[in-house]
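Throughout, residue positions are numbered sequentially from 1 according to the sequence presented.
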Amino acid sequence: MPTKKSWAEPWKIKMVEHLHMTTKEERIKAISAAGYNTFLLKSRDVYIDLLTDSGTNAMSDRQWAGLMLGDEAYAGSRNFYHLEKAIQDFYSYKYLVPTHQGRGAEHIFSQILIKEGDFVPGNMYFTTTRLHQELAGATFVDVIIDEAHDTSSTHPFKGNIDISKLQKLVDEVGADKIPYISIATTVNMAGGQPLSMANLKELRKWADKYKIPIAHDMTRVAENAWLIQEREEGYENIPIKDIVYEICSLTDHATMSAKKDPIVNIGGFLATNDEDVYRQAQNMVVVFEGLHTYGGMAGRDMEALAIGIEESVSDDHMQARVGQTHYLGQKLLDFGIPIIVPIGTHGVFLDAKKFLPHLEQDVFPAQTLAAEIYIESGVRTMERGIVSAGRNKATGEHYYPKLELVRITIPRRVYTQSHMDVTAEAIAVVYERRNSVKGLKFTYEPEYLRFFQARFEPIK
Ligand SMILES: *Cc1c(COP(=O)(O)O)cnc(C)c1O
């Protein structure tokens, strides 16, 4: 009798996309030409691309068939009404405003709700979300529980809000200076950590007392729901679909990057239960995105999204999605490789400080490790450490973040278990020869978001 019950994908493969296989010599040339920055590699030179889960999803045959049903009318496309119904049926929100992707919705939403001098509390920040809040005149205040910042903490819900931090903010600035509470399911910058339903219910009660609405960054809500089903008492037997619905119905507004959870390659939306916010958003979307019944998406893309939403909240899909991420994470743990635990839902994070303890942070251990993994195997990952953190504007010094990580992100429904095996084995080979790995130095350092375009050379 087998001791372990395996999961398998709830789909089979109908069409394949060939990958370009390279030799180690070719990869050494390619990474050198890319300045040892995986963002500057050509996709053709990459074998297994684990750079991001954003827009890299594989659509189903139903979604591809949906593309043929695209109604490209300028106004009132039938695909808009299908998408609107999907948002009402699966996410509970009454009103929909489509946008070209998540940040388009964040822009419109922040401009409508925020006044100069406001404060927006949230469970850790996300890059584009916080930037749009700041551009609208607000100061972001982190109200996530302390455990979120502690990599060794195994708290099951590191995405939870600390209500006492919220209370302190209201006591200091007054509830009228807080246009909304910004919550994310799951918290990307904390390594994909979830919020619990109990915490969300408590937050709802608190928010009602002060009449402050809750805005939901629902980019990975199904992944959060999966973790609630796994970890929260009373939810073991509740379908993901119902947990997603319950999360959404405890909030007032939402922004979505459809490039993540809902399994499409481009798209996003703003959703709300507030008719007044809806009217204002409809007004703004025509200025910045497109007419309110397409907002920057083609009709066919709205159709694929409507179908993708339904597929994304199925238990079988989520089991395979998270199962694959955990499979890779467990394999790395079995090789003794240092990763961040608990393993998240959308990716696995290597701890580069522990992987390459002989390298000082100023020779960019995570950047170096991502380049070495590519050279070893053609697997593309990315740096999340000192290069991403940038420099302090005032002192010109690097920021030295606590976390020096390599992010291995898994696209939805794209790769097989064998691809995960090859990835883990390649990382294990680099781990074997880790003592011979030397660091990198800058040859070009851009002023903004330097990790995208920076170039390096190996230290001799
Ligand atoms: C990707 C992402 C966004 C921004 O969405 P885009 O579609 O990339 O504009 C916002 N919030 C979170 C949590 C994300 O992961």
Side-chain angles (χ1 to χ4, degrees), residues 10-11 14 53-105 108 185 216-225 239-249 251 253-273 278 281-282 285 289-318 321 411-414:
W11 39 260
K14 187 184 314 240
D53 68 331
S54 178
T56 51
N57 305 305
M59 295 205 296
S60 66
D61 52 351
R62 291 176 66 226
Q63 287 176 290
W64 279 99
L67 293 185
M68 291 304 291
L69 303 177
D71 171 5
E72 309 305 341
Y74 190 87
S77 158
R78 69 167 173 250
N79 312 118
F80 169 81
Y81 297 104
H82 184 191
L83 180 57
E84 184 184 55
K85 187 167 186 313
I87 273 130
Q88 293 164 347
D89 290 354
F90 294 102
Y91 296 151
S92 84
Y93 300 112
K94 277 193 208 151
Y95 305 111
L96 160 71
V97 178
T99 56
H100 75 286
Q101 59 184 75
R103 65 198 71 182
I108 290 171
T185 52
H216 178 202
D217 179 345
M218 61 181 300
T219 296
R220 293 186 186 81
V221 64
E223 296 187 10
N224 199 121
I240 302 283
K241 177 170 162 284
D242 296 349
I243 302 175
V244 166
Y245 193 90
E246 186 176 356
I247 294 173
C248 293
S249 62
T251 69
H253 316 286
T255 54
M256 170 64 109
S257 168
K259 302 173 73 172
K260 322 282 171 60
D261 238 8
I263 337 179
V264 289
N265 303 115
I266 191 74
F269 59 79
L270 189 164
T272 180
N273 293 326
Y278 175 54
Q282 275 190 317
V285 80
E289 303 270 325
L291 195 76
H292 58 276
T293 55
Y294 73 85
M297 273 193 277
R300 56 179 172 268
D301 289 335
M302 291 191 283
E303 188 62 26
L305 173 54
I307 298 165
I309 288 172
E310 183 182 346
E311 293 181 358
S312 76
V313 298
S314 107
D315 281 67
D316 292 339
H317 163 70
M318 281 311 302
R321 156 85 179 139
R412 294 165 191 78
R413 303 194 296 209
V414 173

Subject >> Within residues 56-69 or reaching into it, pairs that qualify as salt bridge (Lys or Arg N to Asp or Glu O under 4.0 Å) - sequence neighbours excluded >> reply: Lys14-Asp61, Arg62-Glu310, Arg62-Glu311
**OP:** Locate the shortest heavy-atom distance separating Ala304 from Met59; write the atom from each residue and the value.
**Re:** CB-SD, 3.7 Å
**OP:** Would you sort out whether Ile108 and Glu289 count as a side-chain contact (heavy atoms from CB on, under 4.5 Å), showing the intermediate values?
**Re:** CA-CA 9 Å; Ile108 290 171; Glu289 303 270 325; 4.0 Å; yes
**OP:** Quick one: list whatever passes ring pair (Phe, Tyr, Trp, His ring centres under 6.0 Å) with Tyr278, sequence neighbours left out.
**Re:** Tyr95
Original post:
Would you say the side-chain atoms of Asp315 pair up with the backbone N or O of Pro239, donor to acceptor, closer than 3.5 Å?
Top reply: no
Subject >> Spatial distance of atom CE (Met218) from atom OH (Tyr91) [nearest 0.5 Å] >> reply: 4.5 Å
Subject >> Distance in Å, Thr99 OG1 paired with Phe269 CZ, rounded so as to fall on 0.5 Å steps >> reply: 8.5 Å
Quiz: residues 256-263 side-chain donor-acceptor pairs under 3.5 angstrom, not counting sequence neighbours:
from: Asp261; atom 1: OD2; to: Val221; atom 2: N; distance (Å): 3.0
from: Asp261; atom 1: OD2; to: Ala222; atom 2: N; distance (Å): 2.7

Original post:
Which pairs, with at least one residue in residues 294-306 and sequence neighbours excluded, count as a salt bridge (Lys or Arg N to Asp or Glu O under 4.0 Å)?
Top reply: Glu72-Arg300
Subject >> Closest contact, heavy atoms only, Thr56 versus Val414 >> reply: O-CG2, 3.2 Å
Original post:
In Å and rounded to the nearest 0.5 Å, what is the CG to OG1 distance from Asn224 to Thr219?
Top reply: 11.5 Å
**OP:** Please list, chain by chain and in numerical order, all residues satisfying salt bridge (Lys or Arg N to Asp or Glu O under 4.0 Å) with Arg412, sequence neighbours excluded.
**Re:** Asp53, Glu223
Original post:
Looking only at side chains, do Asn79 and Ser77 share a donor and an acceptor under 3.5 Å apart?
Top reply: yes
Original post:
If we only count heavy atoms from C-beta on, is the Phe80 to Pro98 side-chain gap below 4.5 Å?
Top reply: yes
Original post:
Which pairs, with at least one residue in residues 80-99 and sequence neighbours excluded, count as a salt bridge (Lys or Arg N to Asp or Glu O under 4.0 Å)?
Top reply: Lys85-Asp89
Subject >> Close side-chain approach of Thr185 and Asp217, heavy atoms under 4.5 Å >> reply: no
Original post:
What distance separates Ile307 CD1 from Leu69 CG, expressed to the nearest 0.5 Å?
Top reply: 7.0 Å
**OP:** Using distance alone, with no hydrogens and no angle criterion, decide if His216 and Tyr93 have a side-chain donor and acceptor under 3.5 Å apart.
**Re:** yes
Subject >> Contact summary for Leu83 and Met297, nearest pair of heavy atoms >> reply: CD2-CE, 4.3 Å
Original post:
What pair of heavy atoms forms the shortest contact from Ala281 to Val97, and how long is it?
Top reply: CB-CG2, 4.0 Å
**OP:** Measure the spacing between CZ of Arg321 and CG of Asp316 and express it to the nearest 0.5 Å.
**Re:** 15.5 Å
Subject >> Value rounded to 0.5 Å, distance of OG in Ser312 from CZ in Phe90 >> reply: 8.5 Å
Original post:
Between the main-chain N or O of Val264 and the side-chain N or O of Gln63, is there a donor-acceptor pair closer than 3.5 Å?
Top reply: no
Original post:
With a 4.5 Å limit on heavy-atom distance, are the side chains of Ile309 and Ile87 in contact?
Top reply: yes
